[in-house]
Amino acid sequence: MEISARDISQILSELADLMEIKGDNQYRISAYERAARSLRSLEEDFEELYRSDRLTEISGVGEGIAATIKEIVEEGSLQDLEELKRELPDGIIDLLQIPGLGPKRAHKLFYELQIGNVRDLKNALEDGAIRDLSGFGEKLEKKIAEGLRRYREYQKYISIDEAEDFYSGIKQFLDSTSVEIEEVFPAGSLRRKKELLKDVDMVVSVDSADQKELHLELETWRRIDEVERSRTSERFNNAQILECRLNDGLQLDIFLVSPADLPWALLMFTGSDLHLENLRQKAKTQGFDSDTDGIFCCSDEIDIKEEQDIYRALDLPYIIPELREGQGETEAAVCGELPESPGLKDIKGDLHVHTNFSDGSQNLEEMVQGAIARGYDYLAITDHSVSLRIADGLTPEELARQAEIIEEMNEKYEEIEVFKGTEADILPSGELDYSREVLAELDLVIASVHSGFNQTELEMTERIIKAVENPLVDIIGHPQGRLLKSREAYSVDMEAVIESAASNRTCLEINSFPSRLDLDDNYARLAGEKGVKMAINTDAHRTGEYENMIYGINVGRRGWLDKNDIINTYSLTEFKDFVSQRRI
DNA sequence: GCCGTTTTCGGCCCGACTGTTTTCAGTCG
């Protein structure tokens, strides 16, 4: 089947958004949104459900939406959506991305001021047209202007997960061409695993005789708008660098290099500039001739077959791409003080997981089975707490009922230990929303901020530190509270929080959700230096999201963390010892 | 439009916050 559950989910979301702006029935709209959410997080095989005519088994999908889905699959389009698109301008959905603007205000902006996209909005703001609209005022105008500014800034970047999806797509395309390609590698900030990227770089090792053909093939790929520029690199025997613009505006640079030049090209194209400069300096002190384009001129006596050999020639241990930011890694390598960076295989359990007791989409047993399938030795079930109504947070009674099921799981599955936990809300006062008695029954307590984001820095810092100091709190969840490309971190003095976490032996989370990555790499590094222990968790709401663990690992690696800084690399016994000791 | 009935209608995640109002609509999480 050409179309996936995800594609259909996107179409339904778009339909719902346009219906909202148009001003359709609110409940009809939420029905489409609900169905879109279900499809996005579908764990069953969509094609199988479709073929066996069991679409209505998907939660939120009734006869009506099942017919809608069939229309999308069979016709490749949707009549209702096409009609809305004729009526409303292309860019209007983008307005909903701007903080302060929802469907009602977008409706008003369009029908009263003919604002149909972000550019129109910018002009209207400059003309001062918005403040005069009924229901709008000066403060709102200011808020929208600020939201617009941030929106435009966010648009310049793509997130690491989007970049990796894109990369695997183009890799698949390259494999499908008739050109004989030796190897394909990510490069640049994608290889260094930065959380946000301005462009995607890659290195393709291909015989120089085939480079022209590959260039032509690439121009046929559906996602490439055009190959804007092609230049050659003298340093690499006239290898080609293709600068492409994609149809969604993303910039893609592809370095076509002959197999013999691969190690050098990979090093150079991975960067960062600062790291390469440090390597150049190091080469100089060893008496190598410097090379304006490369790192140094290597004599023929040194046999360079892979990237590692280059570092060896410089008398350095291999430096992983995640550390190549020119932040002291070369000096640390010289002294043998590089961290023992964690890898996916070091993770022994996930300590932040939701189930359908709160806002997860799978039941507790399915989440346990998913963790077993990943080979984990332990898992903490940490659903939302009572005050988070929107996520259906658990009452103490529900928490007790969940504890019984967890005990059943521990009886049933001997390959894993399941911990009773919670992700409790840190209320604006710094108190948690469960009593001490309730919390004391649990094996693991995560405390997170989910409301009252607008406190001052001082208030927010005191609030979080109060939770850090609470002896029943083991981990502070997503401590900075940012959502990449959509919400800034709340204003909080993270250095003070880290200091407090160190002295109270409270752990901080590295939340692996690609839109969070919170702590970020810089604060993770600081926390590590201060002796704070961290947990790399997925915050999974379904088993598929266990896969996100790698994004948190990336943060840990970029943050110079050592395996031992991360508590969920511990064995089951070590982990249990750690938790019981820190609570003393 | 979905869903679960007190089963073919009536409610739908729900409360806080903000700004524009002058009593509440809209947004957000």
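We name chains A, B, ... by the order of the sequence lines, and we start the count at 1 in each one.
Contacts of A:Leu101 with the nucleic acid, taken as non-hydrogen atoms under 4.0 Å apart, involve only primed sugar atoms and P, OP1 or OP2. Using a 4.0 Å heavy-atom distance criterion, A:Arg131 is classed as making no nucleic acid contact.
The nearest whole Å value for the distance from the NE2 atom in A:His107 to the P atom in B:dG26 is 10 Å. Computed from coordinates, the A:Asp24 CG to B:dC2 P distance equals 14 Å when rounded to whole Å. If you take CD of A:Glu488 and P of B:dC28, they are 15 Å apart, rounded to a whole angstrom. Computed from coordinates, the A:Ile130 CD1 to B:dG26 P distance equals 16 Å when rounded to whole Å. Residue A:Leu483 contributes atom CG, which lies 7 Å from atom P of B:dG29 at whole-angstrom precision. Look at CG on A:Leu388: it is 17 Å from P on B:dC28, rounded to the nearest Å. Atom C1' of nucleotide B:dT27 and atom CZ of A:Phe453 are separated by 13 Å, given to the nearest angstrom. Here B:dC2 presents its P atom at 11 Å from CE of A:Met19, a figure rounded to the nearest Å.
Note: A:Tyr376 and A:Tyr546 have perpendicular aromatic rings, judged against thresholds of 30 and 60 degrees for the angle between ring planes. By the 30° and 60° cut-offs, the orientation of the rings of A:His354 relative to A:His384 is parallel.
Using a 3.5 Å distance cut-off with no hydrogens or angles, the side chains of A:Asp383 and A:Ser358 do pair a donor with an acceptor. A donor atom on one side chain and an acceptor atom on the other are found under 3.5 Å apart for A:Thr543 and A:Gln362. Under the 3.5 Å distance criterion, with hydrogens and angles disregarded, a donor-acceptor pair is assigned to the side chains of A:Tyr413 and A:Gln369. Using a 3.5 Å distance cut-off with no hydrogens or angles, the side chains of A:Glu423 and A:Ser448 do pair a donor with an acceptor.
Straight-line distance between the P atoms of B:dG26 and B:dT20: roughly 14 Å, to the nearest whole Å. Using P as the reference atom, B:dT21 and B:dT27 are 14 Å apart when rounded to the nearest Å. The same atom, P, is picked in B:dT23 and in B:dC13; the two are 30 Å apart, to the nearest Å. Only the C1' atoms considered, B:dT8 is 15 Å distant from B:dG1, to the nearest whole Å. Taking atom C1' on both nucleotides, B:dT7 is separated from B:dC17 by 40 Å, rounded to a whole Å. Between the P atoms of B:dT5 and B:dG11, the separation comes to 16 Å (whole Å).
Using a 4.0 Å cut-off between a side-chain N of Lys or Arg and a carboxylate O of Asp or Glu, A:Lys70 and A:Asp53 qualify as a salt bridge.
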List the protein contact pattern of nucleotides 4-19 of chain B with one symbol per nucleotide (5' to 3'): B for base contact, S for sugar-phosphate-only contact, - for none; contact means a heavy-atom distance under 4.0 Å.
-> --------BB----SS
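With a 4.5 Å cut-off on side-chain heavy atoms, A:Leu351 and A:Asp474 do not count as touching.
Judged by closest nucleotide on DNA chain B, A:Tyr32 is the one of A:Tyr32 and A:Ser486 placed further toward the 5' end.
Partner assigned to B:dC12 is B:dG1, using Watson-Crick or G-U wobble distances below 3.5 angstrom.
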